[in-house]
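Quick note: numbers below take in every heavy atom, side chains included, and nothing from hydrogens, waters or symmetry partners.
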Amino acid sequence: MANTLLIGPEAALPTTVGTASSFSQATLVRVVNTEASAVRLVTLLDSDFQGISSISMPAGTVEYIEKKPNDLLLAASANVKGAKVGFTN
């Protein structure tokens, strides 16, 4: 079973394209929707702020998003948090 290695601090995902974050060049980001009931959209952008993909995260859920170091994340609410992580054995 893999364990989660905490590499960076948890922070709110930015909510606008111009402020999207790479989470310190992370290749794996743990994302949690802390909303009580709202589904929130999380968007992955390339380094030129062009959309790559997006997912809807139900309230209270956690996802691990694998990305390229220069790719950026943003969310529809600052109640979506992210942290740079890795996996260990």
Please walk me through it: do Leu73 and Val42 pass side chain to side chain contact (heavy atoms under 4.5 Å, CB included)?
-> CA-CA 7 Å; Leu73 288 170; Val42 175; 4.2 Å; yes
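Among residues two or more places apart in sequence or in another chain, the ring-ring contact (aromatic ring centres under 6.0 Å, His included) test is passed with Phe87 by Tyr64. Applying the side-chain hydrogen bond (donor to acceptor under 3.5 Å, both in side chains) rule to Thr43 yields no partners; only residues at least two apart in sequence or on another chain are considered.
The shortest distance between side-chain heavy atoms of Asn89 and Asn3 does not fall below 4.5 Å. Annotation: side chain of Thr19 is not in contact with side chain of Leu74 (no heavy-atom distance under 4.5 Å). Considering only heavy atoms from C-beta on, Ser54 comes within 4.5 Å of Leu41 through its side chain. A heavy-atom distance below 4.5 Å is found between the side chains of Leu45 and Val17. The shortest distance between side-chain heavy atoms of Asn70 and Asp46 does not fall below 4.5 Å. By the 4.5 Å heavy-atom criterion applied to side chains, Thr27 and Lys67 are not counted as neighbours.
Atoms CD and CG, on Glu63 and Asn33 in that order, are 10.5 Å from each other to the nearest 0.5 Å. The structure places CE of Met57 at 12.0 Å from CZ of Arg40, a figure rounded to the nearest 0.5 Å.
Considering all non-hydrogen atoms of both residues, Lys84 and Ala26 come closest at CG-CB, 3.4 Å. For the pair Val39 and Ser56, the tightest heavy-atom approach, listed with the atom from each and the gap, is CG1-CB, 3.7 Å. Closest non-hydrogen pair, Ala83 versus Gly8, comes out as CB-O, 3.9 Å. The nearest pair of heavy atoms linking Pro69 to Ser22 is O-CB, 3.6 Å.
Ile55 and Val62 sit in two unconnected hydrophobic clusters of ILVMFWY residues. Membership requires side-chain heavy atoms under 4.5 Å apart, directly or through other members. Hydrophobic clustering of Ile, Leu, Val, Met, Phe, Trp and Tyr side chains at less than 4.5 Å, counting indirect connections, keeps Val85 apart from Val29.
As a member of the Ile/Leu/Val/Met/Phe/Trp/Tyr network built from side-chain separations under 4.5 Å, Leu5 groups with Ile7.
For the residue pair Ser77/Glu35, the side-chain donor-acceptor check at 3.5 Å is satisfied.
Of the candidates Leu72, Leu13, Asp71, Leu13 is the only one forming a side chain to side chain contact (heavy atoms under 4.5 Å, CB included) with Phe23.
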